[in-house]
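The structure under discussion appears below in the form of structure tokens.
Proteins get letters first, then strands, A, B, ... in listed order; numbering begins at 1 in each.
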Protein chains: 2
Amino acid sequence: MSTANTNSEANDEHQSCCPLEVTLPGETPLTDKAASELEDLFKILANDTRLKLLHNLALAREMCVCDLADSLGMKPQAVSNQLQRLSDRGIVATRRVGNNIYYRVVDTCIIDLLHKAVCLLRDAEDTREGVVSLASLK
Amino acid sequence: MSTANTNSEANDEHQSCCPLEVTLPGETPLTDKAASELEDLFKILANDTRLKLLHNLALAREMCVCDLADSLGMKPQAVSNQLQRLSDRGIVATRRVGNNIYYRVVDTCIIDLLHKAVCLLRDAEDTREGVVSLASLK
DNA sequence: ACACAATTACACTGGTCTGTGTAATAATGT
DNA sequence: ACATTATTACACAGACCAGTGTAATTGTGT
């Protein structure tokens with residue numbers, strides 16, 4: 001009820017993806033239910049096939065199963081398999097055009113999370129490679 | 001090289017967690033390597049025990065294994081098991097104090113991602129419940 | 001040196017997941 | 001109707017994973 005403004009973190013001055021603070025002050029520990037839901041959320045993203053599918057669909061607004069299968073170099077069955085998991089969670093939706101069934105992303109949050117994760121990975125690589133200005137404290 | 005400035009997204013005006021656009025224009029499709037790394041990243045988060053551990057550690061800067069085990073209501077072995085996975089990925093680090101070994105989070109990105117995911121879940125629930133202002137386009 | 005506590009190492013078991021192969025379903029064109 | 005294409009349904013096999021139980025390791029105090 002009226003969960004309006006929770007913008008208590010106005011210092012979002014990160015040039016990269018990662019924040020500088022590790023703690024989460026003022027939050028309550030994760031409930032079992034929340035942890036389980038989070039697990040499901042991350043689990044659906046913890047598969048390279050589904051990640052590629054989502055990324056493909058995020059780039060091209062709509063794609064049918066066979067095109068996605070071609071793009072990934074996989075068999076339609078396997079692709080359909082994973083697409084259905086994504087569909088079950090309401091992440092993607094379908095639209096039929098003749099014989100083909102076109103999939104599209106409807107859950108913007110997932111893509112945002114994916115986008116963020118990509119950014120974090122890029123950060124991690126940058127840090128691991130050259131930017132050792134802060135990481136050189138052995 | 002010199003992957004310096006990639007701050008081409010200045011329109012971060014989201015009140016909630018979710019962006020309004022689904023597509024990711026201007027990006028290249030996910031490479032196999034990137035997809036695999038992303039999978040690993042999400043896989044490490046796709047477990048309620050590890051999520052609770054990370055959240056506990058993010059709330060209290062440092063905790064030893066037995067305290068974490070008590071907090072989760074689990075056996076030390078199981079907790080140590082998961083802590084080691086987190087340690088292998090460089091997400092947490094240890095510090096010995098007498099008999100006890102204290103764990104702490106060192107990968108801020110993971111916590112940031114976790115924080116974001118929690119926010120997204122909250123958004124999803126809000127949307128599912130009452131806030132149907134934009135979702136009512138059937 | 002010895003008993004004790006905290007943590008980890010290791011083998012093991014039950015469960016889950018992914019891609020495959022085959023068959024079924026749905027729509028198209030002749 | 002029939003053949004064809006696209007997609008899905010389903011059972012299955014291999015791999016991976018989480019928690020358990022036991023044993024080993026490490027540090028403490030006497």
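For the atom pair A:Tyr102 OH and A:Leu57 CG, the distance stands at 12.5 Å (nearest 0.5 Å). The CG atom of A:Leu83 lies 5.0 Å from the OH atom of A:Tyr103; values are rounded to the nearest 0.5 Å.
With sequence neighbours left out, B:Arg95 forms a salt bridge (Lys or Arg N to Asp or Glu O under 4.0 Å) with B:Glu62. By the side-chain contact (heavy atoms from CB on, under 4.5 Å) test, A:Cys66 pairs with A:Cys64, A:Asn100, sequence neighbours left out. Looking at residues two or more places apart in sequence or on another chain, you find a side-chain contact (heavy atoms from CB on, under 4.5 Å) between B:Asp40 and B:Ser36, B:Arg89. Taking the side-chain contact (heavy atoms from CB on, under 4.5 Å) definition, one finds that B:Ala78 meets it with B:Met74, sequence neighbours left out. In this view, A:Ser71 and A:Asn56 satisfy the side-chain hydrogen bond (donor to acceptor under 3.5 Å, both in side chains) rule, not counting sequence neighbours.
The separation between B:Gln84 atom CD and C:dA6 atom C1' is 14 Å, rounded to whole Å. Taking atom CG of residue A:Leu53 and atom P of nucleotide D:dT7, one finds them 13 Å apart after rounding to whole Å. D:dT5 atom P lies 17 Å from atom OH of A:Tyr102, rounded to whole Å. Separating the CZ atom of B:Phe42 from the P atom of D:dC17 is a distance of 17 Å, rounded to the nearest angstrom. Summarising the geometry, the separation between CG on A:Asn100 and C1' on C:dT25 is reported as 15 Å, rounded to the nearest angstrom. B:Leu68 has its CG atom 14 Å from the P atom of C:dA6, to the nearest Å. Taking atom CD1 on A:Ile101 and atom P on D:dA9, their separation rounds to 9 Å, with Å as the unit. Across the protein-nucleic acid pair, A:Leu86 atom CG and D:dT7 atom C1' stand 16 Å apart, rounded to whole Å.
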Give the table of side-chain donor-acceptor pairs shorter than 3.5 Å for residues 41-54 of chain A, with sequence neighbours excluded, one pair per line with atom names and distance.
residue : atom : partner : partner atom : Å
A:Lys43 : NZ   : A:Glu39 : OE2          : 2.8
A:Asn47 : OD1  : A:Thr49 : N            : 3.0
A:Asn47 : OD1  : A:Arg50 : N            : 2.9
A:Arg50 : NE   : A:Ile44 : O            : 2.7
A:Arg50 : NH1  : A:Gln82 : OE1          : 2.6
A:Arg50 : NH2  : A:Lys43 : O            : 3.2
A:Lys52 : NZ   : B:Asp32 : OD1          : 2.8

Show me the protein contacts with nucleotides 26-30 of chain D, counting only N or O atoms at under 3.5 Å.
residue : atom : partner : partner atom : Å
D:dG27  : N3   : B:Asn99 : OD1          : 3.1

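Residue B:Ser80 has a polar side-chain atom (N or O) positioned under 4.0 Å from OP1 or OP2 of C:dT8. Taking only side-chain nitrogens and oxygens, A:Tyr103 never comes nearer than 4.0 Å to OP1 or OP2 of D:dA6.
You'll find the side chain of A:Val92 stays beyond 4.5 Å of the side chain of A:Val106, heavy atoms only.
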Under a 4.0 Å heavy-atom criterion, the protein footprint on nucleotides 10-22 of chain C, written with B, S and -, is -------SBBSBB
